[in-house]
Amino acid sequence: MSGERILAIDTATEGCSAALLIGEEIVEQFEVTPRGHTQRILPMVDQLLAEAECTLQQLDAIAFDRGPGSFTGLRITAGVVQGLAYGAERPVIPVSSLAALASAHFQQHGVANILSGIDARMGELSWGAFCIDEQGIPQLQGAECVAAVDSLPLPPSVAGTWNGVGSGWGSDGEALQTRFGASVRQTDADALPHAREVARLAVHDLLQGKVLAAEEAQPIYLRNNVVHQKR
């Protein structure tokens with residue numbers, strides 16, 4: 001990283017966070033507030049920008065957690081990001097919540113094979129298998145999906161075991177351990193997506209020119225996608 005400036009926003013789960021990345025420094029504000037996202041996210045953004053003496057117009061991009069996650073949380077994120085980016089004429093960068101979980105787990109534990117699972121209610125999980133590449137970027141193996149535990153794809157055959165991360169390993173941890181057995185070594189069911197990881201992953205996309213216009217800041221609902229495909 002050189003002097004990139006990225007504001008990141010995440011309200012995809014019960015966690016609410018904003019982060020400001022300037023060069024190699026990241027400052028984040030994070031709270032667990034299941035019903036307070038609307039009231040908290042803009043004050044977080046304002047405080048981060050004020051403390052850094054940075055304006056929206058000075059940003060290279062605004063990154064956001066595009067999901068999967070809660071329907072309401074993702075709509076809040078998309079609405080806030082569209083408003084900020086459109087007014088400041090800044091591009092946006094969508095980042096997967098499952099990839100953000102995998103990135104944070106790698107940063108903390110150095111584990112390269114990660115199964116990210118978020119409780120999607122209705123007896124299903126939002127799911128993605130990631131392998132960390134040489135640049136420290138989670139690379140999705142296969143596709144993200146939403147499914148019941150007994151329908152989740154088995155981890156791809158790669159060297160080493162896997163770690164599990166995300167709320168799905170709490171809501172359905174016993175069933176997941178039964179399905180994947182010895183291929184999973186450790187789990188962290190308390191982990192939530194954070195804006196700081198959204199910012200870190202967004203830098204990689206920014207340097208590759210993978211940015212979108214403000215009006216293209218749209219959430220991803222895996223369950224809706226699956227229903228559409230079946231129809």
For the residue pair [Y] / [X], report whether a side-chain donor-acceptor contact shorter than 3.5 Å exists.
{"X": "N163", "Y": "H105", "answer": "yes"}
{"X": "Q82", "Y": "E215", "answer": "no"}
{"X": "T11", "Y": "T77", "answer": "yes"}

Using modelled atom types and a 3.5 Å cut-off, is there a donor and acceptor pairing between side-chain atoms of [X] and backbone atoms of [Y]?
{"X": "H194", "Y": "D10", "answer": "no"}
{"X": "T187", "Y": "A189", "answer": "no"}
{"X": "D172", "Y": "A175", "answer": "no"}
{"X": "Q208", "Y": "D205", "answer": "no"}
{"X": "E31", "Y": "S17", "answer": "no"}
{"X": "T178", "Y": "E174", "answer": "yes"}

Does [X] reach the side chain of [Y], with side-chain heavy atoms less than 4.5 Å apart?
{"X": "V95", "Y": "F64", "result": "no"}
{"X": "I93", "Y": "I62", "result": "no"}
{"X": "L152", "Y": "L176", "result": "yes"}
{"X": "L125", "Y": "S171", "result": "yes"}
{"X": "Y221", "Y": "V146", "result": "no"}
{"X": "S97", "Y": "I118", "result": "yes"}
{"X": "P138", "Y": "C131", "result": "no"}
{"X": "S167", "Y": "T13", "result": "no"}

Checklist entry - Step by step, would you call I137 with I132 a side-chain contact (heavy atoms from CB on, under 4.5 Å)? => result CA-CA 5 Å; I137 304 299; I132 308 298; over 6 Å; no

How long is the span from the [atom1] atom in [X] to the [atom2] atom in [Y], to the nearest 0.5 Å?
{"X": "F130", "Y": "Q139", "atom1": "CZ", "atom2": "CD", "answer": "9.5 Å"}
{"X": "L7", "Y": "L84", "atom1": "CG", "atom2": "CG", "answer": "7.0 Å"}
{"X": "E24", "Y": "E4", "atom1": "CD", "atom2": "CD", "answer": "9.5 Å"}

Checklist entry - What residues form a ring-ring contact (aromatic ring centres under 6.0 Å, His included) with F106, not counting sequence neighbours? => result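 For F106, no residue satisfies ring-ring contact (aromatic ring centres under 6.0 Å, His included) once neighbours in sequence are set aside.
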
Checklist entry - Do the side chains of L192 and V111 join up, straight or via other hydrophobic residues, at under 4.5 Å, putting them in one cluster? => result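 Shared cluster, no.
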
Checklist entry - Is W169 reachable from L154 through a run of I, L, V, M, F, W or Y residues, each pair having side-chain heavy atoms under 4.5 Å apart? => result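 Per the 4.5 Å side-chain linkage, L154 and W169 are co-clustered.
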
Next on the checklist: What verdict does the side-chain contact (heavy atoms from CB on, under 4.5 Å) test give for I9 and V198, after you've listed the backbone C-alpha separation in whole Å, the side-chain angles of each residue and the deciding distance to 0.1 Å?
Outcome noted: CA-CA 8 Å; I9 292 173; V198 173; over 6 Å; no

Checklist entry - Are there more than 12 heavy atoms of other residues, nucleotides or ligands under 6.0 Å from atom CD of E53? => result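 No - once you tally the heavy atoms of other residues, nucleotides and ligands closer than 6.0 Å, there are 12 at most.
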
Checklist entry - Just wondering, are more than 12 heavy atoms of other shown residues or ligands nearer than 6.0 Å to CD in Q57? => result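 Counting other residues, nucleotides and ligands, CD of Q57 exceeds 12 neighbours.
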
Checklist entry - Which atom names give the shortest non-hydrogen contact between I26 and A19, and what distance separates them? => result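 Heavy atoms of I26 and A19 come nearest at CG2-CB, 4.1 Å.
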
Checklist entry - Which pair of non-hydrogen atoms, one from A63 and one from A202, has the smallest distance, and what is that distance? => result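 The answer is CB-CB, 3.5 Å.
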
Checklist entry - W127 vs F180 aromatic rings, parallel, tilted or perpendicular, using cut-offs 30° and 60°? => result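 The rings of W127 and F180 lie parallel, inter-plane angle below 30°.
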
Item to check | Intermediate values then yes/no, side-chain contact (heavy atoms from CB on, under 4.5 Å), T55 and L49 | outcome: CA-CA 6 Å; T55 66; L49 293 173; over 6 Å; no

Checklist entry - Excluding sequence neighbours, so at least two apart, what forms salt bridge (charged side-chain N to carboxylate O under 4.0 Å, His left out) with R179? => result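 Scan of R179 (salt bridge (charged side-chain N to carboxylate O under 4.0 Å, His left out), adjacent residues dropped) gives none.
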
Item to check | Chi angles and distances behind the side-chain contact (heavy atoms from CB on, under 4.5 Å) call for T161, S183 | outcome: CA-CA 5 Å; T161 56; S183 62; 5.9 Å; no

Next on the checklist: Given L115, which partner from the list V165, L101, V184 fulfils the side chain to side chain contact (heavy atoms under 4.5 Å, CB included) test?
Outcome noted: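 Single side chain to side chain contact (heavy atoms under 4.5 Å, CB included) partner of L115 among V165, L101, V184: V184.
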
Next on the checklist: Give me each pair satisfying salt bridge (Lys or Arg N to Asp or Glu O under 4.0 Å) with a member in residues 56-74, each pair once, sequence neighbours excluded.
Outcome noted: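 Salt bridge (Lys or Arg N to Asp or Glu O under 4.0 Å) check on residues 56-74 returns R66-E144.
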
